[in-house]
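Below is one structure, written out as structure tokens; the observations come after it.
Because the structure is predicted, anything quoted here is derived from the model rather than measured. When a residue number appears, it is its place in the shown sequence, counting from 1.
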Amino acid sequence: LRSSVWLRSLVGLFSDLIEESHQPSPPPPPSPPPPPPPPPPPSLPPPPSATVEYGDKVVAFLRQPNIFEILSSRSSQSISSGLRLAINDIRGYGKPALDTINGNADDISLELALLLSLFGAEILNYPPPPPLPSQPNTQEDLNAQDVIHVFSRPDIFDIAERNRITLTDRQRNSIRVIGSMRPEDLAINLRSSVWLRSLVGLFSDLIEESHQPSPPPPPSPPPPPPPPPPPPLPSQRVSVTGAQATAGTDAIATPPSYSDRVIGFLRQPRIFRLLRETSGQPISAGLKNAIKTIRRGGESALQTIQNAGNDVSLELTIILSLFNDDIMRFTPSRVSGSHNDTDEPGTGIQGTGIQGTGIQGTGIQGTGIQGTGIQGTG
């Protein structure tokens with residue numbers, strides 16, 4: 001109710017009835033004493049342990065051939081096109097797609113939850129289908145493992161652009177989901193989804209190339225004989241200064257995490273103009289405040305906003321997906337300092353750097369320290 005305006009408007013239609021429900025109803029007449037309980041049945045052997053998750057039951061229930069007729073028979077409203085696409089994604093991709101849709105916390109996930117609540121008993125009692133027998137693949141026996149290997153490449157969208165393959169937003173999201181699937185799940189989905197096979201067929205040449213074994217490497221030359229050991233030196237104590245120890249520590253630098261790349265990407269001086277020009281839409285005030293909070297608070301602020309599950313976290317996820325390739329290639333700066341939260345210069349650290357025959361610049365200028373810098377001829 002706090003995160004959905006549509007749901008609050010629906011509840012407002014019944015506000016009078018909801019307020020009346022606060023009035024206590026008259027006490028019911030005393031019921032007759034219950035009959036004595038029947039004797040317990042003879043003990044049966046426990047059933048075999050086979051735990052099936054609720055998400056697997058939902059996927060199996062939605063994969064029925066006449067599922068849309070079943071859903072329409074109990075719902076008083078027609079199924080929207082967005083919900084129909086979401087159900088088709090779940091039928092094709094299985095539980096990963098169901099988890100993604102449930103985690104979006106938008107109107108589609110709310111419609112899906114309300115519709116599935118009408119079939120709670122049927123879903124709990126619905127057995128998942130047995131695994132499909134192996135069948136020949138209609139895509140020239142393409143291996144599911146090779147499809148996952150190709151779709152998980154970071155340059156897959158660059159490859160599509162070079163080959164003039166135009167992808168819709170749904171196809172791009174599907175490629176990201178396929179890149180994280182298990183091979184056995186993808187093999188089942190390829191046999192049951194015509195749309196998925198057509199998407200894989202766009203990259204058939206690249207997938208077929210992954211079948212070809214790479215040529216064996218040329219034989220390496222025999223290693224040269226090791227040099228004779230140096231003569232032993234007298235033992236002596238070597239002192240390591242703090243600067244040397246720090247330099248040694250910095251030499252062994254761990255690669256930045258995805259969160260560090262996102263934070264570094266959002267800390268660029270002209271980030272709001274970059275986001276606005278690429279998305280083609282103005283940045284909302286809530287999203288702008290969230291980005292400013294991430295620029296100041298770092299990883300803890302990013303985790304808090306992503307886990308909020310509200311409209312701002314959804315806007316942030318959508319706009320970051322437009323820059324996924326740029327973020328993966330972005331290397332955060334290791335120099336910490338103040339960050340400019342606007343698109344205008346003058347509120348952070350600004351200068352012309354090292355220029356001319358000496359060190360020349362405007363210095364450190366902003367809301368705190370202002371000066372003329374260091375200027376000279378050599």
Side-chain angles (χ1 to χ4, degrees), residues 1-4 6-7 10 47-133 135 144 147-148 151 169-197 199-200 306-310 313-314 317-318 321:
L1 285 172
R2 289 194 298 269
S3 62
S4 176
W6 178 84
L7 186 58
L10 173 62
S49 59
T51 304
V52 180
E53 295 184 1
Y54 180 75
D56 296 329
K57 290 180 176 288
V58 171
V59 173
F61 177 78
L62 294 179
R63 279 177 173 170
Q64 298 180 81
N66 57 340
I67 183 59
F68 291 106
E69 298 178 5
I70 297 174
L71 298 177
S72 300
S73 65
R74 195 168 298 183
S75 175
S76 59
Q77 298 180 352
S78 60
I79 300 175
S80 65
S81 58
L83 180 58
R84 190 178 293 267
L85 288 175
I87 293 175
N88 283 328
D89 287 342
I90 296 172
R91 288 163 58 91
Y93 301 127
K95 196 169 181 295
L98 176 63
D99 296 337
T100 301
I101 294 171
N102 287 334
N104 288 338
D106 54 4
D107 291 341
I108 297 297
S109 64
L110 178 62
E111 288 185 62
L112 179 63
L114 293 176
L115 185 59
L116 292 179
S117 64
L118 303 177
F119 299 88
E122 288 87 343
I123 294 174
L124 289 175
N125 297 325
Y126 193 84
L132 296 177
Q135 301 174 2
V147 176
I148 296 173
F151 281 10
D169 292 339
R170 183 189 178 194
Q171 289 174 327
R172 287 176 174 267
N173 293 333
S174 301
I175 289 174
R176 295 188 182 99
V177 173
I178 292 172
S180 60
M181 292 180 67
R182 296 182 304 177
E184 55 269 22
D185 293 338
L186 179 59
I188 295 175
N189 293 328
L190 284 172
R191 291 194 293 267
S192 60
S193 175
V194 178
W195 183 87
L196 185 59
R197 292 197 297 270
L199 174 61
V200 173
Q306 286 182 334
N307 295 332
N310 51 19
S313 64
L314 179 61
T317 302
I318 292 175
S321 66

Could you give the distance from [atom1] ([X]) to [atom2] ([Y]), rounded to the nearest 0.5 Å?
X    : Y    : atom1 : atom2 : answer
S180 : I175 : OG    : CD1   : 12.5 Å
S321 : R176 : OG    : CZ    : 5.5 Å
K57  : I123 : NZ    : CD1   : 10.0 Å

How close do R91 and I67 get, heavy atom to heavy atom, and via which atoms?
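Scanning both residues completely, I find the closest heavy atoms to be NH1-CG2, 3.1 Å.
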
What are the two closest non-hydrogen atoms of A144 and A187, and how far apart are they?
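Looking at all heavy atoms of both residues, the closest pair is CB-N, 4.1 Å.
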
Between [Y] and [X], is there a side-chain heavy-atom distance shorter than 4.5 Å?
X    : Y    : value
F68  : N88  : yes
L62  : L116 : yes
N173 : V177 : no

Please state whether the rings of F119 and F61 are parallel, tilted or perpendicular, taking 30° and 60° as the class boundaries.
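F119 and F61: tilted rings.
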
For [X], what residues pass the side chain to side chain contact (heavy atoms under 4.5 Å, CB included) criterion, not counting sequence neighbours?
X    : answer
I318 : L314
N66  : Q64, E69, I70
L124 : Y54
E184 : R182

Where do W195 and S174 land on the side-chain contact (heavy atoms from CB on, under 4.5 Å) test, with the steps shown first?
CA-CA 11 Å; W195 183 87; S174 301; 3.3 Å; yes

Backbone N/O of S72 and side chain of S75: donor-acceptor pair under 3.5 Å
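No, S75 side chain to S72 backbone: no donor-acceptor pair under 3.5 Å.
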
Applying the side chain to side chain contact (heavy atoms under 4.5 Å, CB included) test to V147, which of L196, L199, I178 qualifies?
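Checked L196, L199, I178 against V147; only one passes side chain to side chain contact (heavy atoms under 4.5 Å, CB included): I178.
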
Quick check on side chain to side chain contact (heavy atoms under 4.5 Å, CB included): which of I101, T100, N102 does L98 satisfy it with?
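When side chain to side chain contact (heavy atoms under 4.5 Å, CB included) is applied between L98 and each of I101, T100, N102, only N102 qualifies.
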
Just jot down the side chain to side chain donor-acceptor pair (under 3.5 Å) partners of R170, sequence neighbours excluded, or say none.
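Result, side chain to side chain donor-acceptor pair (under 3.5 Å) vs R170: D89.
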
Side-chain donor-acceptor contacts of residues 79-86 below 3.5 Å, not counting sequence neighbours, with atom names and distances?
from : atom 1 : to   : atom 2 : distance (Å)
S80  : OG     : L83  : N      : 3.3
S80  : OG     : E111 : OE1    : 3.1

